[in-house]
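Notes follow once the structure below has been shown.
Only a predicted model underlies this, so the values are computations on that prediction, with no experimental measurement involved.
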Amino acid sequence: MNMKLKYELLKEEKSTKARLGKIITKYGKYQTPMFMPVGTLATVKTLAPEEIKETKAGIILANTYHLWLRPGEDIVNEAGGLHKFMNYDGPILTDSGGFQVFSLANSKDISEEGVAFKNQLNGDRLFLTPEKSIEIQNKLDSDIAMSFDECPPASASHDYLKQSIERTIRWAKRGKDVHNNKNQALFGIVQGGPHEDLRKYSATETVKLDFDGYSIGGVANDGEDKEAMYKAIDYSIPYLPKDKLRYLMGVGEPIDIIEGVIRGVDIFDCVLPTRLARHGNALTKYGKINIKNKKYKKDFTPLDSTCDCYACQNYTRSYIKHLISCNETFGARLLSIHNIRFLIRLTEELRQAIENDNILEYKQEFIKNYYGDKYE
RNA sequence: GCGGAAUUGGUGAAGUGGUUAACACGCCGGAUUGUGGCUCCGGUACGCGUGGGUUCGAUCCCCACAUUUCGCC
């Protein structure tokens with residue numbers, strides 16, 4: 001089937017910028033706001049595709065840079081594309097490798113042409129360009145491709161960020177010019193750190209290039225405080241068209257998803273639920289818990305008694321603590337299922353709150369439960 | 001019965017006659033926001049088998065005892 005993903009705005013919440021929307025894909029229709037689990041290496045770590053589906057996830061992520069290194073885009077292409085390769089019949093978004101320009105900072109060199117990396121696996125020298133990133137994503141055959149951007153730390157100087165976003169805009173255009181997968185949407189990325197003028201400039205110029213959707217990047221990557229992150233969103237959103245999907249990259253924590261939705265963001269992705277899971281943490285209505293803590297040794301209740309996930313329906317904290325303590329992967333799998341389902345339920349509730357026009361009340365209620373007295 | 005060796009935290013162990021007894025594992029906590037890493041960061045023996053002695057000072061030297069272990073009869 002020949003079909004590029006479409007977005008439809010359904011409703012705006014009365015007192016905030018929160019919006020309810022619909023994404024139509026060849027795999028089905030999904031509502032936004034939505035949380036997208038991350039599956040960097042064509043697998044949401046520890047989960048089978050059936051288990052991903054069971055969390056009610058829609059779009060999932062994979063990563064261009066990592067799949068380029070292993071197994072290589074040609075192999076994925078020969079397998080029939082990412083969906084067939086990993087047996088996932090839902091929408092997939094590929095990140096461009098831009099974030100790796102940031103996260104693999106000690107082994108890279110940025111120039112106008114692109115980014116020279118040192119392959120962390122074998123020391124090979126690699127060169128990724130905007131054109132190459134798009135070409136790889138074309139071959140991976142994801143449903144949404146991301147422009148190749150530089151993702152500088154929020155703490156970088158205004159001067160540096162200015163020249164960085166200008167280059168990122170040139171890179172976005174170069175990528176768009178070679179993009180030729182008719183079934184694949186292509187998104188542009190707004191950068192600019194915490195600065196109002198830079199966000200405005202980046203958003204305006206990126207929108208001029210006319211992408212299928214826009215994302216806000218460079219956020220939550222530098223230990224910057226939450227206010228700086230919320231400002232980055234506030235400074236970007238007004239310049240993005242209402243009829244296109246808005247994606248806040250790499251976020252995040254439950255409270256940040258709520259704040260993002262209130263500010264007009266539609267989709268989010270984050271490694272947090274799966275990483276927390278592997279490290280023995282569970283997100284619950286009453287806050288994050290570390291299942292390794294002694295106090296759960298004889299706790300025969302579910303991770304979160306308000307949760308409908310497979311882990312909470314069938315297993316106790318005591319058992320999951322035992323698994324994590326023994327380093328059994330089934331523990332990480334149960335926690336991953338739970339944490340992903342937790343964030344997806346959060347977005348389900350946010351959609352309902354938008355529908356009911358009471359999202360600010362929902363936020364207060366959430367904070368009261370999640371943080372108790374600890375919220376400043 | 002005789003002779004030798006050993007005895008340090010929950011475990012495996014380093015170590016020195018003189019400030020806070022190394023390290024690892026475990027245990028107890030914490031971190032984690034477009035995922036290189038079951039990762040990272042803290043805390044965790046007021047005491048070095050027991051009792052004496054030598055010394056200004058002993059976990060480290062000496063003696064006795066206990067326990068463990070090896071060899072011999």
Aromatic stack A:His279/B:rU39: centroid gap under 5.5 Å, interplanar angle under 30°: yes

Nearest listed nucleotide, side chain of A:His66, among B:rG30, B:rU35, B:rU32: B:rU35

Side chain of A:Lys45 (C-beta onward), nearest among B:rC38, B:rG37, B:rC28: B:rG37

Nearest listed nucleotide, side chain of A:Asn327, among B:rU35, B:rC28, B:rC38: B:rC38

Spacing between A:Lys294 atom NZ and B:rU44 atom P, to the nearest angstrom: 16 Å

Touch class at under 4.0 angstrom, heavy-atom based, for A:Asp149 against every strand present: base

A:Arg278, nearest nucleotide to its side chain (from B:rC28, B:rU33, B:rU35): B:rU35

Donor + acceptor pair across side chains of A:Ser147, A:Asp149 (<3.5 Å): no

Heavy-atom donor-acceptor pair, A:Arg199 side chain to A:Val190 backbone, under 3.5 Å: yes

Comparing A:Asn293 and A:Pro152 on RNA chain B - which has the more 5′ nearest nucleotide: A:Asn293

Nucleotide of B:rG36, B:rU33, B:rU32 approaching A:Ser103 most closely (side-chain heavy atoms): B:rG36

Nearest-neighbour nucleotide for the A:Lys288 side chain, B:rA31, B:rC38, B:rC28 considered: B:rA31

Sugar-phosphate, base or nothing in reach of A:Gln191, heavy atoms under 4.0 Å: base

Rounded distance (Å) that lies between atom C1' of B:rC38 and atom CZ of A:Arg333: 16 Å

Check: A:Tyr65 ring centre within less than 6.0 Å of A:Phe99 ring centre: no

Integer-rounded Å distance: B:rU35 C1' and A:Phe268 CZ: 19 Å

Secondary-structure stems, RNA chain B, at least 3 Watson-Crick or G-U base pairs under 3.5 Å: B:1-7 with B:66-72, B:10-12 with B:23-25, B:26-31 with B:39-44, B:49-53 with B:61-65

Within residues 312-329 of chain A or reaching into it, pairs that qualify as salt bridge (charged side-chain N to carboxylate O under 4.0 Å, His left out) - sequence neighbours excluded: A:Asp299-A:Arg317

Shortest side-chain distance from A:Asn281, nucleotide among B:rU32, B:rG29, B:rU33: B:rU32

Sugar-phosphate, base or nothing in reach of A:Leu93, heavy atoms under 4.0 Å: nothing

A:Thr55 side chain vs A:Ile337 backbone, donor-acceptor pair below 3.5 Å: no

Sugar-phosphate only, base, or nothing, as touched by A:Gly218 at under 4.0 Å among non-hydrogen atoms: base

Validation row, ring centre A:Tyr315 to ring centre A:Phe330 under 6.0 Å: yes

Closest nucleotide among B:rG30, B:rU35, B:rU33 to the A:Val251 side chain: B:rU33

Nucleotide of B:rC28, B:rU33, B:rG36 approaching A:Gln100 most closely (side-chain heavy atoms): B:rG36

Counterpart residues, side-chain hydrogen bond (donor to acceptor under 3.5 Å, both in side chains), relative to A:Lys132 (two or more places apart): none

